[in-house]
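Read through the structure below, which is laid out as structure tokens, and then see the notes.
Everything quoted here is computed from the prediction, not taken from an experiment. Sequence positions, counted from 1, serve as the residue numbers for this chain.
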Amino acid sequence: MIHIDLCHSIPTLSQRYKLRVVPYEGDYDKIMEVYQSLGTKFDFLIGVFNSNPILSFASCKQLGTYNVCVALPRSHPLAKKEKLSITDLYNEKLLCVSSGDCLNIDDFRKNMQMFYPQIILEDVGYFYDLDTFNRCEEGCLLLTLDAWDIIHPSLITLPVDWSYQMPYGLLCQKIPQNKLRNA
């Protein structure tokens with residue numbers, strides 16, 4: 001869903017490779033099984049890959065970056081804004097990926113805790129699942145990406161006045177086969 005435009009923007013990608021949507025469950029072990037299938041079940045995945053455990057056995061060819069944003073319920077008072085300031089987040093519960101997995105998010109968390117302790121950070125694990133988005137819909141804010149702006153019909157994704165970004169690209173096995181290495 002979030003990377004359809006990316007596939008269309010690289011014409012040779014869809015011409016040279018058979019593209020398949022790979023569903024996976026929100027369970028950490030199941031997600032890791034999908035990533036560990038690189039090179040056997042499929043050649044690459046397209047997505048945001050800045051997880052230390054994943055990058056320990058896979059390589060990523062960065063294609064660009066997504067902006068880190070905040071998702072919130074459409075009924076939330078901040079949903080009327082076009083762009084949020086950091087001070088808008090004061091005294092709000094901001095759900096985000098737990099520390100220790102992703103360097104970008106770890107840096108974000110350190111900065112927020114050091115300079116903006118008024119923002120209440122709450123860990124939700126290492127991967128967002130449907131429960132995470134549903135919990136956000138119940139009234140919390142969620143650290144998210146601009147690419148995920150349509151992931152839940154009751155949420156709105158807004159940019160924030162900060163410069164945090166997350167790299168995305170092609171994830172493949174650590175030492176890719178020749179056909180991928182030359183792509």
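- Of all heavy-atom pairs between L94 and L143, the closest is CD1-N, 3.5 Å.
- Here the straight-line distance linking atom CG of D161 with atom OG of S85 works out to 7.0 Å at 0.5 Å rounding.
- L103 and Y164 are members of different hydrophobic clusters when ILVMFWY side chains are connected at heavy-atom separations under 4.5 Å.
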- Task: List the steps and the verdict of side chain to side chain contact (heavy atoms under 4.5 Å, CB included) for L121 and Q113.
- Result: CA-CA 8 Å; L121 299 179; Q113 290 166 342; 4.0 Å; yes
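- A distance-only check finds a donor-acceptor pair linking the side chain of S98 to the backbone of G125 [under 3.5 Å].
- For NZ of K81, the number of neighbouring non-hydrogen atoms (other residues, nucleotides, ligands) closer than 6.0 Å is greater than 12.
- Atom-to-atom distance recorded for T65:OG1 and D146:CG is 8.5 Å, nearest 0.5 angstrom.
- You'll find the side chain of C102 reaches within 4.5 Å of the side chain of M166, heavy atoms only.
- A continuous path of hydrophobic side-chain contacts links I151 to Y168 [ILVMFWY only; heavy atoms under 4.5 Å].
- The stretch residues 136-145 participates, sequence neighbours left out, in no side-chain hydrogen bond (donor to acceptor under 3.5 Å, both in side chains) pair at all.
- Counting only distance, with no hydrogens or angles, the side chain of R74 and the backbone of P153 share a donor-acceptor pair below 3.5 Å.
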- Run the side chain to side chain contact (heavy atoms under 4.5 Å, CB included) check on M112 and L89 step by step: do they pass? CA-CA 11 Å; M112 291 300 112; L89 306 178; 5.7 Å; no
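- Summarising the geometry of V97 relative to I105, their closest heavy-atom pair is O-CG2, 3.8 Å, with the distance given to 0.1 Å.
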- Message: Please evaluate residues D123 and R109 with respect to the criterion salt bridge (Lys or Arg N to Asp or Glu O under 4.0 Å), reporting the C-alpha separation (whole Å), side-chain torsions for both, the decisive distance (0.1 Å), and the verdict.
- Response: CA-CA 10 Å; D123 294 353; R109 293 172 65 89; 2.6 Å; yes
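- With sequence neighbours excluded, the residues forming a side chain to side chain donor-acceptor pair (under 3.5 Å) with D101 are S51, listed by chain and number.
- Considering all non-hydrogen atoms of both residues, A71 and C136 come closest at O-SG, 3.5 Å.
- Taking both residues in full, the closest heavy atoms of C69 and T157 are given as CB-CG2, 3.6 Å, listed atom of the first, atom of the second, then distance.
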- Task: With side chain to side chain contact (heavy atoms under 4.5 Å, CB included) as the test, would you mind laying out the steps for H152 and N134 before giving the verdict?
- Result: CA-CA 8 Å; H152 192 293; N134 288 334; 3.0 Å; yes
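- You'll find the side chain of L63 reaches within 4.5 Å of the side chain of L170, heavy atoms only.
- Here the CZ atom belonging to R135 is positioned 4.5 Å from the SG atom belonging to C140, to the nearest 0.5 angstrom.
- In this structure, L142 and T132 approach most closely via the heavy-atom pair CD1-CG2, 3.7 Å.
- Minimum interatomic distance between L155 and F133 (heavy atoms only, all atoms of both residues): CD1-O, 3.8 Å.
- Ring pair W148/Y66: centre-to-centre distance not below 6.0 Å.
- Panel note: side chain W162, backbone F108; no donor-acceptor pair is recorded below 3.5 Å.
- N67 contributes no side-chain N or O that, together with a main-chain N or O of Q165, makes up a donor-acceptor pair within less than 3.5 Å.
- The CG atom of L72 sits 11.5 Å away from atom OG of S154, with the distance rounded to the nearest 0.5 Å.
- In this structure, the side chains of E92 and L78 come closer than 4.5 Å at one or more pairs of heavy atoms.
- Between the CG atom of L141 and the SG atom of C96 there is a distance of 11.0 Å, given to the nearest 0.5 Å.
- For the residue pair N111 / Y116, no side-chain donor-acceptor distance below 3.5 Å is found, with atom types taken as modelled.
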